[in-house]
Amino acid sequence: MKFFFPDSQDQIDREFDFLAEEKGIFRVRQRDDLYAHEALHEPPFHGLLVSKAIVDGTANGTGKYTVAQRHRLYRQGARKFFRLDHAGRTLEIMGDCGAFNYIREDVPPYSPDDVIDFYEGCGFDLGVSVDHVIFGYDPATDNGADADGLQDWRRRQEITLELATEFLVKVRKEASFEPLGVAQGWSPGSYAHSVASLQKMGYSRIALGGMVPLKTQDIMTCLAAIADVRDSATRLHLLGISRCENATGFAARGVTSFDSTSAFQQAYKDERNNYHTLERTYMAIRVPQVDGNPKLRKAVRAGRISQDAAITCERDCMRLLRAYAGREVTADAVLAALRTYEDLHDPGKDRSDAYRQTLEARPWERCTCGICDRIGIEVVIFRGSERNKSRGFHNLSVLARQLDHELAGSKL
């Protein structure tokens with residue numbers, strides 16, 4: 001099974017000075033910053049997923065690319081732009097529309113011609129048809145039950161299938177990439193209907209959309225219903241799933257690829273599961289910068305805490321964490337400093353037990369992903385984008401190993 005990582009221009013500065021908290025003096029982001037497949041010793045994914053909405057934006061919102069980056073992508077092509085030829089293995093590039101960026105619009109803002117031009121212009125290997133995300137999921141509708149929004153769900157499914165028909169006709173005439181049709185649904189039966197319709201059109205690769213909020217069991221129930229109509233040669237892709245723990249079950253139901261940002265985003269969005277290992281997850285240690293933390297700034301301006309006291313606590317925590325990494329102080333000394341600072345930046349919280357587990361396990365010392373063996377304890381410190389994204393890249397390397405182990409064991 002192949003794992004695609006959705007691009008959102010997440011890179012790290014190879015010259016970042018963790019002691020001075022400064023980026024490289026002569027740094028040029030597109031030239032010098034590293035993508036995950038460059039920062040790690042081994043690429044943690046089989047390819048990248050690049051969305052048109054992220055690159056070009058929509059009528060109601062801008063993308064995440066600057067004008068210069070966008071022009072460079074079109075001029076150089078995706079393979080050179082993302083420096084994939086230096087990844088040590090062949091990485092594929094898949095394109096989609098980024099339907100969640102226009103989820104509240106009545107109709108997609110792009111036509112099949114628009115996305116074909118995008119895929120061809122960037123030199124993608126795979127291209128997903130235009131789709132319209134469905135807001136809800138209600139399996140009871142398969143048995144005739146009504147649901148709020150069902151009429152709109154059906155309308156969005158019809159739009160997605162109509163656009164898939166037009167997309168495939170045009171791709172067969174003029175495009176060089178491999179097309180994927182999107183199946184949108186709100187229940188196991190409705191997903192099966194979409195897949196059957198797309199196969200009838202002629203698609204042999206089908207992406208299942210709208211599954212971000214679904215639990216693993218819900219996904220498996222949908223895949224079971226799809227199995228009743230799926231041709232043996234049809235390959236499925238799961239778009240944007242948030243749960244990847246049942247790779248063998250997915251593979252057994254015809255899934256050959258998926259994309260997800262979950263492991264990466266847990267590094268800085270999850271309350272507890274920030275640093276991943278094959279055995280378990282650990283909480284990252286929060287040491288916010290006084291001048292970069294909204295709660296602290298507000299408290300300082302209001303006169304509730306002293307800025308000098310906060311800065312002293314922050315510096316003590318960083319100094320002791322690095323001393324602990326060098327086995328110069330005890331975990332208790334570090335935890336005492338962290339607790340004092342936590343009373344300032346997040347009063348009412350006490351993460352000492354979770355922090356102790358992270359510190360005493362020293363997981364960064366056992367990892368040779370290319371991040372941990374380079375920056376050491378900095379990877380488990382929750383502080384600023386350089387550390388947080390670095391930890392996210394590490395998590396991707398763990399996910400890659402987990403998938404390899406699970407699928408090898410399943411013998412699928």
Side-chain angles (χ1 to χ4, degrees), residues 2 4-9 30 35 37 45-59 61-87 89-102 105 107-133 159-184 198 201-209 234-237 239-240 256-259:
K2 293 183 178 180
F4 287 79
F5 181 59
D7 164 65
S8 192
Q9 279 300 282
Q30 184 58 36
Y35 293 101
H37 56 272
F45 38 68
H46 300 88
L48 292 174
L49 173 68
V50 183
S51 296
K52 181 172 173 60
I54 296 294
V55 176
D56 293 333
T58 65
T62 59
K64 291 195 175 183
Y65 279 52
T66 64
V67 172
Q69 287 174 321
R70 180 177 176 275
H71 287 167
R72 182 189 290 268
L73 173 61
Y74 278 101
R75 183 175 68 251
Q76 294 184 333
R79 185 159 297 281
K80 186 173 181 180
F81 181 87
F82 293 107
R83 300 189 288 270
L84 297 181
D85 291 334
H86 303 287
R89 71 182 185 202
T90 301
L91 299 180
E92 294 181 293
I93 311 174
M94 180 186 296
D96 76 352
C97 300
F100 272 98
N101 292 78
Y102 54 83
E105 298 186 27
V107 296
Y110 309 127
S111 69
D113 284 328
D114 292 334
V115 296
I116 289 172
D117 288 344
F118 173 60
Y119 300 158
E120 286 285 279
C122 296
F124 294 158
D125 303 303
L126 305 158
V128 177
S129 63
V130 186
D131 63 318
H132 213 20
V133 173
I159 289 173
T160 298
L161 291 174
E162 289 170 2
L163 290 170
T165 301
E166 183 181 348
F167 180 79
L168 186 59
V169 170
K170 292 179 179 292
V171 168
R172 284 173 168 169
K173 287 181 180 180
E174 59 193 66
S176 59
F177 58 84
E178 184 176 359
L180 288 81
V182 180
Q184 288 286 353
L198 291 165
M201 294 175 201
Y203 284 98
S204 59
R205 294 192 73 164
I206 295 174
L208 306 182
T234 298
R235 292 172 287 170
L236 302 177
H237 176 91
L239 279 168
T256 59
S257 59
F258 72 94
D259 66 87

field: Minimal non-hydrogen separation, L168 against P179, with atom names
entry: CD1-CG, 3.8 Å

- request: Indicate yes or no: at least one non-hydrogen side-chain atom of S257 is less than 4.5 angstrom from one of R205.
  value: yes

- prompt: So, do K170 and K173 sit near enough that their side-chain heavy atoms are less than 4.5 Å apart?
  reply: no

message: How close do A99 and V133 get, counting heavy atoms only, and between which atoms?
response: CB-CG2, 3.4 Å

- prompt: Any chance the side chains of Y110 and D117 put a donor and an acceptor closer than 3.5 Å?
  reply: no

Over all atoms of both residues, closest heavy-atom pair of T160 and H132: OG1-N, 3.0 Å

- prompt: Given side chains that start at C-beta, do those of Q30 and R83 come closer than 4.5 Å, heavy atoms only?
  reply: yes

- prompt: When rounded to the nearest 0.5 angstrom, what is the spacing between CD1 in I116 and CD in E166?
  reply: 8.0 Å

query: Please walk me through it: do F82 and L73 pass side chain to side chain contact (heavy atoms under 4.5 Å, CB included)?
result: CA-CA 9 Å; F82 293 107; L73 173 61; 4.3 Å; yes

- prompt: Looking only at heavy atoms, which two atoms of F118 and D56 are closest? And how far apart?
  reply: CD1-OD2, 3.9 Å

message: To check you understand the geometry: which heavy-atom pair defines the closest contact between Y74 and V55, and what is its length?
response: CE1-CG1, 4.5 Å

message: How long is the straight-line distance from CD1 of I93 back to SG of C122, given to the nearest 0.5 Å?
response: 8.5 Å

- request: Work out which heavy atom in D125 is nearest to a heavy atom in L91; give both atom names and the distance.
  value: OD2-O, 4.3 Å

- request: Measure the OH-OG distance between Y119 and S129 for me, rounded to the nearest 0.5 Å.
  value: 7.5 Å

- request: Output the distance between atom SG (C97) and atom OH (Y102), rounded to the nearest 0.5 Å.
  value: 4.0 Å

message: Main chain of I54, side chain of S51: is a donor-acceptor contact present, judged purely on distance under 3.5 Å?
response: no

message: Between L239 and D259, is the side chain to side chain contact (heavy atoms under 4.5 Å, CB included) condition met? List the steps.
response: CA-CA 6 Å; L239 279 168; D259 66 87; 3.4 Å; yes

- prompt: Do F124 and R79 come close enough that some side-chain heavy atom pair is under 4.5 Å?
  reply: no

Residue among H237, K2, H46 satisfying side chain to side chain contact (heavy atoms under 4.5 Å, CB included) with M94: H237

- prompt: Does a salt bridge link D7 with K64, judged by any charged N lying under 4.0 Å from a carboxylate O?
  reply: no

query: Mind checking whether F45 and H37 have parallel, tilted or perpendicular rings, split at 30° and 60°?
result: perpendicular

Nearest-0.5 Å distance, CG of residue D96 to CG of residue L180: 10.0 Å

task: Show the numbers, then the answer: is there a side chain to side chain contact (heavy atoms under 4.5 Å, CB included) between M201 and L161?
output: CA-CA 9 Å; M201 294 175 201; L161 291 174; 4.0 Å; yes

message: If I take atom CG from residue L198 and atom OG1 from residue T165, how far apart are they, to the nearest 0.5 angstrom?
response: 7.5 Å

